[in-house]
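Read the numbers this way: they start at 1 and go in the same order the structure lists the ligands and their atoms.
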Amino acid sequence: VERNDALDHLRNRQAPIELSPEAFRTLAHQLVDHLAGFLVALPDRQPSMPKSPSELRALLPDGLPAEGTDVDSLLRGTLSLLEDHQIFNGHPGFMAYITAPASPVGMLADFIVSTLNPNVGLWGLSPIATEIELQTAAWIAELIGYPSTAGVMSSGGQVANFIGLLVGRQTKTPWNIHTEGIAGGDGQRLRVYSTREAHNWLRMAVDLFGLGLHAIHWIDTRDDLTMDCGHLEQAIAEDKQHGDHPLLVIGTAGSVGTGAIDPLPEIAQICRRHDLWFHVDGAYGALAAALPDAPPALLGLREADSVAVDPHKWLYAPIDAGCTLVRDVDKLTAAFGQGTQPSYYVLGSDESARPLNLFAIGPENSRRFRAFKVWLQLQVAGRDGYCRMIADDIALAQELHRLIGTYDQLEPRTLGLSIVTFRYVPTDLRANAADYLDYLNRLNQAILARLQVSGTVYLSNSSVGGAFMLRSCIVNFRTTLIQIEALPPLVVEIGNELDRELRPSRGGDEATVAGGAGTSLAP
Ligand SMILES: Cc1ncc(COP(=O)(O)O)c(C=O)c1O
């Protein structure tokens with residue numbers, strides 16, 4: 001009897017995670033209606049609603065429930081939990097970090113992907129998804145004029161850069177690194193070259209992948225925070241003299257701090273001369289190479305051996321989506337395919353080519369179909385649509401930079417692609433701002449904190465020459481001139497307020513203040 005009951009249970013199995021088709025349909029319709037309403041109301045919400053970690057933890061369920069919960073009420077409660085405590089990168093006033101709003105078509109794509117759930121590691125499990133991913137990477141390459149038809153998607157710019165560095169390391173190490181590992185070269189140190197403007201992924205990569213932090217030979221920057229190629233040449237020569245092995249140069253196409261673009265064409269020449277791998281971190285700026293008036297320094301990315309691009313930045317894909325493009329596809333397959341990939345897997349447009357398993361050209365095995373949203377978006381907006389959106393973001397940044405320059409209390413510092421850095425400097429300190437660096441750093445830090453809860457715009461910060469800078473980065477197709485025009489007067493208002501709070505003596509004898517005597521302003 002017991003056995004029959006158990007078999008009956010398995011025959012009429014009711015999985016607690018399953019939803020009836022009717023329940024799924026009803027919930028999904030309700031959800032779409034709710035989310036459409038959320039998008040309509042988004043511009044009227046605050047971009048951020050600050051709470052402390054402990055306040056947030058107190059809002060979460062007490063413990064793992066033993067029994068299941070009704071999905072309808074669970075979703076309702078969870079939606080408000082998220083919406084009431086989220087920093088909205090889809091808000092028109094969000095101009096922080098390098099984080100874009102998700103495109104609505106990308107949202108729909110993610111729903112489709114989760115429903116069909118392809119595992120894009122093995123061609124045999126996801127034939128059409130694999131082919132779409134390959135086409136997506138080829139389209140991204142085409143968009144920026146990069147001469148390759150192959151690439152691999154990943155979770156974001158950091159991992160896309162990891163992949164570029166790994167392919168370069170596997171290709172250019174002078175011994176067989178696949179079998180001998182990093183220690184195979186009689187103590188010869190492998191060296192990589194970059195400026196300190198590089199994103200933190202580089203430090204993490206050399207640490208994780210066995211090169212060690214001392215493998216980085218930091219190259220000086222010029223006044224505009226871009227790589228000094230004279231110093232690069234000198235560094236390579238020095239390292240060779242010491243018996244080290246120069247491996248790879250990382251050029252940045254739009255730095256995370258200021259949007260600075262390294263002189264990529266010159267770096268390409270140096271890499272060719274010294275037989276080094278040339279990797280470009282274009283996580284932020286590579287997509288600006290699609291513009292007809294892209295700066296020549298940026299177009300040098302077309303000469304790179306590998307380029308990291310981040311579709312969840314300037315292609316406005318929902319997170320996550322990164323992409324590594326590699327000029328020579330064989331290098332990609334050779335780097336990741338050792339031990340896992342039979343030699344007959346080849347990339348190419350040849351109809352007779354065997355299928356490509358994406359697990360064999362990157363670090364992931366089971367893989368989400370990230371390409372789908374990007375593939376749809378590229379078709380919805382088209383090349384021209386993307387050029388217009390990226391150009392508009394840049395034009396808004398240029399206008400912001402100009403407007404900032406019209407205020408006595410604001411000091412515009414850098415403008416690179418769509419990133420503007422600036423700071424508030426009280427007019428009485430302007431003439432000797434350098435003497436008051438500590439105070440100005442504290443003041444601008446306080447301004448940023450207050451700005452972030454102002455309810456209209458959300459910026460982040462950067463450091464330029466030791467100065468704390470307010471930083472606006474527009475990779476936001478919802479930002480308009482309205483937010484741009486509102487920003488400078490708001491910063492001035494908050495700056496005036498905070499300067500009065502932090503310097504009670506302000507408004508008194510200007511000479512005393514400027515001299516710093518008896519105030520907290522000591523340089
Ligand atoms: C230049 C650059 N490289 C790499 C990254 C890392 O990208 P992700 O956060 O998508 O991993 C960023 C992120 O802002 C970046 O700006």
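Residue L440 comes nearest to Y424 through the heavy atom pair CD2-O, 4.0 Å, listed as atom of the first residue, atom of the second, then distance. Residues G259 and Y284 share a closest heavy-atom pair of CA-CE2, 3.9 Å.
A donor and an acceptor atom, one from each side chain of D393 and Y316, are located under 3.5 Å apart.
For ligand 1 and D310, the ligand atoms under 4.0 Å from any heavy atom of the residue are 7 (O), 8 (P), 10 (O). Below 4.0 Å from some heavy atom of N161 lie the following atoms of ligand 1, by number and element: 3 (N), 4 (C). Residue contact check: H312 has heavy atoms under 4.0 Å from atoms 10 (O) of ligand 1. Proximity to G254 (heavy-atom distance under 4.0 Å) selects the following atoms of ligand 1: 1 (C).
Inclusion of D281 in the set of residues having an N or O under 3.5 Å from an N or O of ligand 1 is warranted. Residue contacts with ligand 1: G156 is placed with no nitrogen or oxygen under 3.5 Å of a nitrogen or oxygen of the ligand (distance criterion only). Backbone and side-chain nitrogen or oxygen atoms of Q158 are examined, and one is located within less than 3.5 angstrom of a nitrogen or oxygen of ligand 1.
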Legend entry - Full working for side chain to side chain contact (heavy atoms under 4.5 Å, CB included) between Y146 and V280: CA-CA 11 Å; Y146 186 66; V280 170; over 6 Å; no
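Environment of CG in L56: crowded, with over 12 heavy atoms of neighbouring residues, nucleotides or ligands closer than 6.0 Å. Other residues, nucleotides and ligands contribute only 12 or fewer heavy atoms inside 6.0 Å of the CG atom of D223.
In terms of protein heavy atoms, atom 16 (O) of ligand 1 is closest to I98 CD1, 3.2 Å. For atom 8 (P) of ligand 1, the closest heavy atom belonging to the protein is G157 N, 3.3 Å. Among all non-hydrogen protein atoms, the one lying nearest atom 13 (C) of ligand 1 is K313 NZ, 3.1 Å.
Using a 4.0 Å cut-off between a side-chain N of Lys or Arg and a carboxylate O of Asp or Glu, R191 and D244 qualify as a salt bridge.
Contact annotation for H199 and ligand 1: only side-chain heavy atoms (C-beta onward) come within less than 4.0 Å of the ligand.
For the pair S52 (side chain) and E55 (backbone), a donor-acceptor distance under 3.5 Å is present.
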